[in-house]
2 protein chains.
Amino acid sequence: MNKESSRGSGVHGQIHACILSGEWAPGEKLKPAALAERYNTSTTVVREALTRLAGEKFVVMEPNRGFFVPELSLSELRDITEVRCRVEAWALELAVDRGDLTWESALMAAHHQLAKTPRRNADDPTHVTEAWADAHREFHRKLIEPCGFPVLMDLSQQLHDTTELYRRWAAPSTAAAHRDVEAEHKEILDAVVARDAVLAAALLRKHYEFTMEVVLSSGLIEGINTPAQSAQTA
Amino acid sequence: MNKESSRGSGVHGQIHACILSGEWAPGEKLKPAALAERYNTSTTVVREALTRLAGEKFVVMEPNRGFFVPELSLSELRDITEVRCRVEAWALELAVDRGDLTWESALMAAHHQLAKTPRRNADDPTHVTEAWADAHREFHRKLIEPCGFPVLMDLSQQLHDTTELYRRWAAPSTAAAHRDVEAEHKEILDAVVARDAVLAAALLRKHYEFTMEVVLSSGLIEGINTPAQSAQTA
DNA sequence: GTCTCACAGATACTACATTTTGGCTGAATA
DNA sequence: TATTCAGCCAAAATGTAGTATCTGTGAGAC
């Protein structure tokens with residue numbers, strides 16, 4: 001939608017999107033030469049984009065070794081989910097307290113957009129569509145928007161992106177089949193419109209924890225991260 | 001202490017340290033050419049370091065305009081302080097619950113180090129010493145270390161660094177004169193050793209809010225940020 | 001079987017070319 | 001005469017190409 005102002009920024013955004021969409025597997029090496037050719041640019045602008053992503057903790061940089069898609073780990077997913085629940089519960093309380101009617105309307109619009117966007121594609125039923133992921137991101141962003149803390153919003157977005165990686169790489173599981181995500185979003189929306197912050201926060205937690213359970217039960221993470229390599233980043 | 005593994009990483013660390021130590025004023029332009037000469041390297045390396053710092057939200061990047069030391073703003077300081085209080089209160093509860101005797105001992109050591117490090121220098125009484133700032137950082141890091149959430153630790157460090165900028169640029173005020181920072185640290189330490197998480201969190205909040213008050217009452221921020229420029233970053 | 005060393009491939013860095021920005025000049029207009 | 005605006009120019013940011021340095025691997029010697 002919005003044209004990037006410089007080539008470097010453009011590449012940064014594209015690599016970000018490609019990692020989210022599962023273009024490369026966790027742990028995979030991001031080769032500047034290959035990316036430069038792909039985006040019709042030189043290795044330096046790719047390096048710059050990767051370096052910035054490394055600062056955002058969205059790719060891993062190992063000096064003199066290169067850049068890598070982050071590894072997935074059970075414990076990190078648990079940590080992030082818990083932090084998300086806590087942080088967004090607070091943000092949601094503030095939002096419910098401070099948000100006006102305009103926000104309420106915009107939130108309902110965002111929910112409608114999400115509800116009416118096809119979640120899965122016939123071509124690739126194992127992954128959700130780009131459009132749904134975008135709408136999902138936007139709904140959750142809108143949910144806490146009037147909290148009034150830009151810092152909280154940034155953090156929330158960052159955690160959303162990180163967990164998105166896990167969602168992408170979780171294989172469809174039995175738990176996922178028995179889930180009604182749309183109903184969960186609807187419940188949260190209703191609680192917010194009813195201005196019941198406590199209920200909304202509880203439902204949001206349930207929503208996030210359910211997502212985590214689905215990812216964990218898919219068993220894919222163990223397949224990617226061998227249990228042997230428990231090396232800690234000191 | 002630890003030698004950086006590549007030139008780029010080294011420059012990254014040095015620029016970070018220089019901004020923290022108040023080398024350049026908030027809003028000031030960071031010129032790659034000047035920095036390249038200073039660190040005996042080329043502009044590309046500097047650009048990469050600045051790009052990474054931009055990803056870490058520690059410098060501001062404006063496409064086609066360059067890099068800048070972040071502006072200081074009252075509202076941001078208030079936001080960050082509130083988020084710090086909330087986040088670290090939680091982390092501290094976890095730490096008090098999970099931390100063992102080894103941690104308790106290490107924390108006491110970190111406090112002793114902090115208490116015995118000269119806070120101000122005779123040469124420059126308006127600013128605290130590098131050594132004290134480092135010890136201060138380490139004490140607060142150690143305080144919440146056993147919380148078990150690397151994500152929380154990272155966030156805490158990032159918020160610490162951002163507020164450090166404000167502390168650096170706050171002129172000495174009457175409020176600062178009447179303050180006994182060492183006593184505040186000692187109280188927090190005592191509460192932690194007594195395993196009183198609620199009291200410790202309350203004292204930590206008081207500690208952070210006092211710092212904010214001192215910065216606000218110094219009046220320097222208004223001097224740097226003219227009230228006229230209330231442009232929002234959309 | 002282990003160690004050493006050299007070679008291939010990739011990363012980090014430098015120097016240079018291109019593009020953009022922002023201010024300056026000066027003429028046209030009110 | 002003051003103001004505005006188009007066009008030009010220097011400075012700075014972005015992007016390219018090529019060199020230097022590092023890492024990991026594999027062959028060969030002990």
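Owing to the predicted nature of the structure, the values given are computational and were not obtained by experimental measurement. Letters A, B, ... mirror the listed sequences (proteins, then strands); counts begin at 1.
Considering only residues two or more places apart in sequence or on other chains, A:Glu209 meets the salt bridge (Lys or Arg N to Asp or Glu O under 4.0 Å) condition with A:Arg205. Under the rule for a side-chain hydrogen bond (donor to acceptor under 3.5 Å, both in side chains), the partners of B:Glu48 that lie at least two apart in sequence or sit in another chain are A:Arg47. Under the salt bridge (Lys or Arg N to Asp or Glu O under 4.0 Å) criterion, A:Glu37 pairs with no residue, sequence neighbours left out. With sequence neighbours excluded, the residues that form a side chain to side chain contact (heavy atoms under 4.5 Å, CB included) with A:Thr41 are A:Arg7, A:Val11, A:Tyr39, A:Val45, A:Val46. Qualifying salt bridge (Lys or Arg N to Asp or Glu O under 4.0 Å) partners for B:Arg65, counting only residues two or more places apart in sequence or in other chains: B:Glu62.
Among residue pairs with one or both ends in residues 24-36 of chain B, none qualify as side-chain hydrogen bond (donor to acceptor under 3.5 Å, both in side chains); sequence neighbours excluded.
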Which pairs would a plain distance check flag for residues 127-139 of chain A, meaning a side-chain donor or acceptor within less than 3.5 Å of a matching protein atom at least two apart in sequence or in another chain?
| residue | atom | partner | partner atom | Å |
| --- | --- | --- | --- | --- |
| A:His127 | ND1 | A:Asp124 | OD2 | 3.2 |
| A:His127 | NE2 | A:Arg168 | O | 3.2 |
| A:Thr129 | OG1 | A:Pro118 | O | 2.9 |
| A:Thr129 | OG1 | A:Trp132 | N | 3.2 |
| A:His136 | NE2 | A:His140 | NE2 | 3.1 |
| A:His136 | NE2 | A:His185 | NE2 | 3.3 |
| A:Arg137 | NE | A:Gln157 | OE1 | 3.3 |
| A:Arg137 | NH1 | A:Asp161 | OD1 | 2.3 |
| A:Arg137 | NH1 | A:Asp161 | OD2 | 3.3 |
| A:Arg137 | NH2 | A:Gln157 | OE1 | 3.0 |
| A:Glu138 | OE1 | A:Arg141 | NE | 3.2 |
| A:Glu138 | OE2 | A:Arg141 | NH2 | 3.3 |

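For residues 29-39 of chain B, proximity to DNA chain D is found at B:Lys29, B:Pro32, defined as any non-hydrogen atom under 4.0 angstrom from a strand atom.
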Exercise. How would nucleotides 13-22 of chain C be written as a contact map, 5' to 3', with B for base contact, S for sugar-phosphate-only contact and - for no contact, using protein heavy atoms under 4.0 Å?
Worked result: SBB----SSS
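The minimum heavy-atom distance linking A:Ala106 with A:Lys142 is given by the pair CB-CE, 3.4 Å.
Between B:Phe68 atom CZ and D:dA12 atom P there is a gap of 12 Å when expressed in whole angstrom units.
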